[in-house]
Amino acid sequence: MSWPYAAGAYAAYYGAPAAPPPPPPPTQRTWKEYKTPEGKPYWSDGATSVWEEPAAYKEAREKAAALIEANKRAKEAPPVVAKEPEPEPNIKPLEPVLDPKQKVEAFKQLLSDSDIKSTATFPEVSAKLGQHPTFMSLPKGERKQALAEYKTKRAKVEKEIERKRSREARAGFLRLLAEAEEISVDTPWSRADELLAATCDERYQAVATSTERKGLFDEFLDALREKDASEKRQSTEKAREAFRKALVQLAREHPAASHEDDDAALLIGVFGRTRFSDVESAMQKKNPNLLLSPDDRRREYQRFVDDCHETVRRRDDTKRRAFVDAALAAILRGLLPRELPFAELDTVLAARQRGGAKAVAQMSAAFAAEEGQLPSDNEEEEDNDTEVVIARVKEAMADLAACSSRLGGDCCVRAFGRAKDLAYRSFKIDRRQCRDLTRRCDVSLSSFGAWLTALKKVDRRSPPRDADVRHERRLEGWTLSEACELRRPQLARVFVDLRDEAAQEARDQQRRRERRERRFRELLEDYLRWPDDKNATYEDLEPSLARHSAYDGVPRGRRRELFEEVLGALKERATASQPDRWTSAVSDNDRWSPGVAVEEGPEAPPPKKAREG
């Protein structure tokens, strides 16, 4: 047992010895003035004597003199009579009269001035503000309702303040993390927490819980990783760009390179069938300081070759579309026939440039037949843009033929077929729209110019409605003015088709009308018998005829005319086939002859019964 512990145990059990009494406080000495027998003054405090007046004695003497002087002046001054205070008037200030709404607002203002929190209860508010006049001016129910409204509003304000404080605390903690140089992507949270706590920064204490700090730390690490990844991507992109430039430079220095080609075509032509190992060896000799790894260089080489192939493919598609558009424009303007085979395209283009439509008609049977069917309206002027359109077709076809090694030898044939398909589709749209306009105007299909004029009037007077045609013109973007300007020859073909359709429809209607009249004639012949019905009228026979379907197929006026015609035909047949006299099988001596009177002839046949119904 150690000594301090033994001493403490002894004092606790037996009690500590009595402490010696404290020394008495030093007595304060007072200076007094004395004189020697010779009359010389000196000062002493009982322990020390001095010839000079001490400062303490001098200060005490001056205070005593001042007090004596003050008492003397007070005795000499006249007595002061104290005035009694005047009584205050018993007038109370008028309190303002508030309506209930103002009282509620005053109560809410009182709560706000008293800094009542949103978590306060009504008893707590009553204990704090129970004696205030504004609090007592409202009934208890209204006080509770006003308190509830105040607490709702105050809770929103407190939440907004808390959110703002939390945002500032989070931003400050993130800045603290960014300022800590010891923290990196590989630093664990435990180590980072120790480093941040050792800083004793208020931004660390502003975030309340460790869980929230860890969440912010994870967000900070994610941002750091994203930053590192972005920097790595940028460096990789720069290395890839340098590698691609080196590839292009190597391809341009190749003996088989053509300086007229661009980078994509040049790379495909030089490295299209070259192994990567050969390319890499050449690259190492040319540029030994490449930042990419061998695997990355292989992947980048393959990706670059694929991108070049895609670039060339898009360029070839652009040339194909240019040829299709040029051929389509020529077909729609009537410069090329829609039935023209591709084998005759060069010949027709050359003939167009030499002599126009007449020269084409002389050498192309399809075009000559088509031109013979189209109405001209004495319009023999050539299109002013003919040469431009033909030159564009030839140029586009030459550009597309240059790509035949990649697209195939029949690429021009397929593109020209595509242009003809689009032309036929445009023709069907024009025909449908023009047929709709023709049905809305009363015009004869005899003149192409008059037909176009009538269509323009109808198009201006009655714009298309939603239910006019099956395919809305708004969706197709079709306008008559544009069709007349760009596709006038095609509109002429539409006019020929509509004219042929109208003629065929008229012939079909005539055949249907004749067939219905023939059926009605046969019905009349079944009902009419000669001579029983020689005096029959149409009104007597109409109820019986109305029960048959052939009756409805003929107009009323025509039914009466057909009735008269059938009845007249029966009468004519009866008159033409009736003999001069009835004859029978008798002997030659008894046979009647004209001019010989016979007393009585053979028996007449029985009368024919009329058909019932």
Side-chain angles (χ1 to χ4, degrees), residues 112 115-121 150-250 276-277 279-280 283-308 310:
S112 177
D115 195 19
I116 301 299
K117 305 296 182 182
S118 60
T119 56
T121 61
Y150 168 79
K151 288 169 63 177
T152 303
K153 186 176 180 181
R154 181 61 183 261
K156 294 180 180 179
V157 174
E158 291 177 355
K159 287 181 180 179
E160 183 63 28
I161 295 174
E162 180 62 23
R163 282 194 293 266
K164 184 178 179 180
R165 188 203 63 78
S166 177
R167 286 195 299 267
E168 293 177 354
R170 291 167 64 90
F173 188 76
L174 291 175
R175 286 194 297 270
L176 179 62
L177 287 172
E179 294 172 1
E181 299 179 357
E182 298 85 355
I183 297 177
S184 62
V185 179
D186 301 328
T187 305
W189 163 241
S190 58
R191 175 59 179 165
D193 192 18
E194 293 177 0
L195 294 174
L196 295 177
T199 59
C200 298
D201 198 310
E202 60 180 7
R203 292 174 292 182
Y204 178 82
Q205 303 296 335
V207 181
T209 61
S210 178
T211 304
E212 189 174 359
R213 296 192 195 102
K214 188 177 184 304
L216 294 175
F217 178 74
D218 294 338
E219 293 180 8
F220 177 73
L221 291 188
D222 293 340
L224 283 182
R225 295 189 186 97
E226 182 64 27
K227 182 180 178 181
D228 295 343
S230 177
E231 293 176 354
K232 185 177 180 180
R233 285 194 299 269
Q234 292 178 2
S235 61
T236 305
E237 287 296 330
K238 291 180 180 179
R240 289 176 179 175
E241 189 66 24
F243 181 73
R244 292 193 176 196
K245 290 181 180 179
L247 280 177
V248 174
Q249 185 65 26
L250 184 63
F276 174 72
S277 57
V279 177
E280 187 178 18
M283 288 286 292
Q284 288 291 342
K285 295 178 182 179
K286 189 71 177 176
N287 298 305
N289 298 325
L290 293 176
L291 301 178
L292 295 177
S293 63
D295 294 338
D296 291 341
R297 287 199 296 270
R298 181 184 295 275
R299 285 193 296 268
E300 186 61 26
Y301 172 77
Q302 187 61 40
R303 189 182 296 112
F304 190 31
V305 172
D306 295 342
D307 292 345
C308 291
E310 181 65 20

> Which pairs, with at least one residue in residues 171-190 and sequence neighbours excluded, count as a salt bridge (charged side-chain N to carboxylate O under 4.0 Å, His left out)?
Replying inline: Glu179-Arg203

>> With a 4.5 Å cut-off on side-chain heavy atoms, are Asp115 and Arg154 touching?
In response: yes

> Partners of Arg298 by salt bridge (Lys or Arg N to Asp or Glu O under 4.0 Å), sequence neighbours excluded?
Replying inline: none

>> Just to verify, what does Thr211 make a side chain to side chain contact (heavy atoms under 4.5 Å, CB included) with, not counting sequence neighbours?
In response: Thr209

>> Please enumerate all residues that pass salt bridge (Lys or Arg N to Asp or Glu O under 4.0 Å) together with Lys238, with sequence neighbours excluded.
In response: none

>> The test is side chain to side chain contact (heavy atoms under 4.5 Å, CB included); show your working for Arg213 and Leu177 and say whether it passes.
In response: CA-CA 10 Å; Arg213 296 192 195 102; Leu177 287 172; over 6 Å; no

>> According to side-chain hydrogen bond (donor to acceptor under 3.5 Å, both in side chains), who are the partners of Arg167, at least two apart in sequence or on a separate chain?
In response: none

>> Test of understanding: with side-chain hydrogen bond (donor to acceptor under 3.5 Å, both in side chains), list the residues that count as partners of Thr187, not counting sequence neighbours.
In response: Ser184

> Which value, rounded to the nearest 0.5 Å, describes the distance between Lys156 atom NZ and Ser118 atom OG?
Replying inline: 12.5 Å

Name the atoms and distances for all side-chain donor-acceptor pairs under 3.5 Å in residues 216-224, with sequence neighbours left out.
from: Glu219; atom 1: OE2; to: Arg170; atom 2: NH2; distance (Å): 3.4
from: Asp222; atom 1: OD1; to: Arg225; atom 2: NH1; distance (Å): 3.1

>> Check this for me, if you would: do Arg297 and Asp295 make a salt bridge, where the nitrogen-to-carboxylate-oxygen distance has to be below 4.0 angstrom?
In response: no

Pairs of donor and acceptor atoms involving the side chains of residues 188-199, under 3.5 Å and at least two apart or interchain, shall be tabulated with distances.
from: Asp193; atom 1: OD1; to: Tyr204; atom 2: OH; distance (Å): 2.4
from: Thr199; atom 1: OG1; to: Leu196; atom 2: O; distance (Å): 2.4

> Which residues pass the side-chain hydrogen bond (donor to acceptor under 3.5 Å, both in side chains) test with Arg303, sequence neighbours left out?
Replying inline: Glu300

> Can you list the residues that meet the side-chain hydrogen bond (donor to acceptor under 3.5 Å, both in side chains) rule with Thr236, with sequence neighbours excluded?
Replying inline: none

> Considering residues at least two apart in sequence or located in another chain, which fulfil the salt bridge (Lys or Arg N to Asp or Glu O under 4.0 Å) criterion with Glu162?
Replying inline: Arg165

>> Using the side chain to side chain contact (heavy atoms under 4.5 Å, CB included) criterion, which residues pair with Glu226? Sequence neighbours excluded.
In response: Arg233

>> Could you check whether atom CD of Glu202 has more than 12 heavy atoms from other residues, nucleotides or ligands sitting under 6.0 Å from it?
In response: no

